[in-house]
There are 2 protein chains.
Amino acid sequence: MAETQGATVDRVRLAPFGDALGFLLRLAQIDSFERFFADLGHLDLRPGELTVIVLLEGNPGVRQGVLAEALKIKRAHMAKMVRALGEAGLIRREVPEDDRRAVELYLTEAGATLARRLRPAVTAHEARTPATLTPAETATLKRLLRKYLALTDPEGTTP
Amino acid sequence: MAETQGATVDRVRLAPFGDALGFLLRLAQIDSFERFFADLGHLDLRPGELTVIVLLEGNPGVRQGVLAEALKIKRAHMAKMVRALGEAGLIRREVPEDDRRAVELYLTEAGATLARRLRPAVTAHEARTPATLTPAETATLKRLLRKYLALTDPEGTTP
DNA sequence: CCATATTTGTTTCCTAGTAAACAAAATGCG
DNA sequence: CGCATTTTGTTTACTAGGAAACAAATATGG
């Protein structure tokens with residue numbers, strides 16, 4: 001038995017958090033993260049880095065601050081990922097002529113090769129509906145999350 | 001202007017992540033976290049600690065491992081919170097006679113006083129529907145999240 | 001044109017949480 | 001009983017990410 005206290009856990013009264021939206025969202029994100037790893041963990045790349053690599057394929061030359069904002073992570077954190085990906089030889093930083101504060105990001109050859117390898121796995125993962133929801137329910141869930149977030153656009157673009 | 005590149009952000013092509021469930025969940029959790037802080041930030045207590053204090057009011061003597069499992073955090077992390085809350089004089093650790101590995105948690109007087117002060121704020125926060133969703137939509141969203149998570153029980157108890 | 005303010009990215013320190021190795025207690029099986 | 005296994009909690013080292021202070025470059029208002 002993995003959990004001696006399995007029976008006891010059932011009796012923790014989670015009120016007033018058990019049905020809170022924030023709590024459900026946290027659990028759902030943990031679960032979704034596990035799904036992500038189950039499908040893509042074999043690629044042994046961190047989720048954030050995988051995201052940047054794949055997005056750079058469709059957005060060559062994007063400024064790292066813009067990418068950070070689109071992904072809702074802070075510039076400070078993006079700077080660290082950019083450094084790591086640069087040291088790994090997967091991306092190239094380029095300072096544009098017209099604004100020498102900025103940094104534009106491009107995939108290196110190695111990065112582009114990796115991106116081509118990642119894309120089908122990512123696409124397959126996205127297409128897979130969670131086992132506990134029907135496709136219609138998944139669509140409704142996504143629609144409500146977008147509405148909650150005041151996003152209107154189901155395409156691959158930021159709001 | 002806070003964001004010079006605001007216009008540029010709109011043109012980051014987020015495909016294939018822009019409509020991914022995992023991405024939407026991440027954004028939603030960030031938003032929900034901000035809502036939590038907007039309502040409860042003035043209590044200057046960390047969210048995790050607030051959760052433990054309020055839950056201990058309804059679950060006196062719960063074992064810390066059981067509480068960790070119910071909240072889906074690891075025991076290692078719960079151990080740190082327990083130590084911090086103990087040092088702050090808010091909870092008391094008690095080793096039961098019949099199992100001297102275990103630790104049962106109780107609120108101290110100071111902890112109970114704090115819990116009484118927190119409870120109405122938490123209740124009010126939970127009752128508040130997000131501005132972008134109708135109450136019916138919020139209910140549907142929660143129901144779908146519970147189904148996604150394979151939880152059946154909308155009460156304040158773990159599944 | 002020049003001083004001031006803002007933007008961009010980086011660094012440093014911090015928080016939340018995980019993973020792995022561990023010790024002590026309890027359980028189980030010969 | 002006695003030894004191996006499991007459970008419970010802790011410690012240490014790590015990852016993801018944020019906050020604040022900073023420097024360089026650019027924009028702006030006089």
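Keep in mind that the numbers below use all heavy atoms, side chains included, and drop hydrogens, waters and symmetry copies. These numbers come from a predicted model, not from an experiment. Each chain gets a letter, A, B and so on, in the order the sequences are listed, and its residues count up from 1.
No hydrogens or angles were tested; on distance alone, a donor-acceptor pair under 3.5 Å links the side chain of B:Lys80 to the base of C:dT18.
Here the side chain of B:Arg117 pairs no donor or acceptor atom with the backbone of B:Ala112 at under 3.5 angstrom. Remark: the backbone N or O of A:Thr129 is not paired with any side-chain donor or acceptor of A:Thr138 at under 3.5 angstrom. The backbone N or O of A:Leu149 sits nowhere less than 3.5 Å from a side-chain atom of B:Asp31 that would complete a donor-acceptor pair. In this structure, A:Thr132 contributes its side chain and B:Ala150 its backbone to no donor-acceptor pair below 3.5 Å.
Protein atom CD of B:Glu34 is 12 Å distant from nucleotide atom C1' of D:dG18, rounded to whole Å. With rounding to whole Å, B:Glu69 atom CD is found 16 Å from C:dG17 atom P. We find that NE2 of B:His77 is positioned 14 Å from C1' of D:dG17, with the value rounded to whole Å. Atom CG of B:Leu105 and atom P of D:dT8 are 14 Å apart (whole Å). Note: CD (B:Glu97) to P (C:dA25) measures 14 Å, nearest angstrom. B:Leu45 has its CG atom 14 Å from the C1' atom of C:dA16, to the nearest Å. Here C:dG17 presents its C1' atom at 12 Å from CE of B:Met78, a figure rounded to the nearest Å. D:dG9 atom P lies 10 Å from atom CG of B:Leu67, rounded to whole Å.
When distances run from any side-chain atom of A:Ala76 to the nucleotides C:dT18, C:dT10, D:dG9, the shortest one goes to C:dT10. Between D:dT26, C:dG9, D:dT10, one nucleotide has an atom nearer to the side chain of A:Asp99 than all others, and that is D:dT26. Checked against C:dA19, C:dT8, D:dT10, the side chain of B:Lys74 finds its nearest nucleotide in C:dA19. Picking from C:dT18, C:dG9, D:dG18 the nucleotide with the shortest atom distance to the side chain of A:Ala102 gives C:dG9.
Where B:Ile30 and B:Gln64 each meet DNA chain D at their nearest nucleotide, the meeting point lying more 5' is that of B:Gln64. For the pair A:Met81 and A:Asp98, nearest-nucleotide mapping onto DNA chain D gives the more 5' position to A:Met81. Residues B:Arg101 and B:Gly48 each lie close to DNA chain C; by heavy-atom proximity, the contact nearer the 5' end of the strand is made by B:Gly48. Of the two residues contacting DNA chain C, namely A:Arg26 and A:Val82, the nearest-nucleotide position lying further toward the 5' end is that of A:Val82.
In this structure, A:Arg93 does not reach the C:dT8 phosphate: none of its side-chain N or O atoms is under 4.0 Å from OP1 or OP2. Applying the 4.0 Å criterion to OP1 and OP2 of C:dT11, one finds that A:Arg83 has a side-chain N or O inside that range. Dashed line: the shortest gap from a side-chain N or O of B:Arg100 to OP1 or OP2 of D:dG9 is not under 4.0 Å. Taking only side-chain nitrogens and oxygens, B:Arg75 comes nearer than 4.0 Å to OP1 or OP2 of D:dT8.
Ring-plane geometry between B:Phe33 and B:Phe36 is classed as parallel, the angle between the planes falling under 30 degrees on a 0 to 90 degree scale with a further cut at 60.
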Evaluation steps, side-chain contact (heavy atoms from CB on, under 4.5 Å), between A:Phe23 and B:Leu71:
CA-CA 9 Å; A:Phe23 186 62; B:Leu71 293 174; 4.1 Å; yes
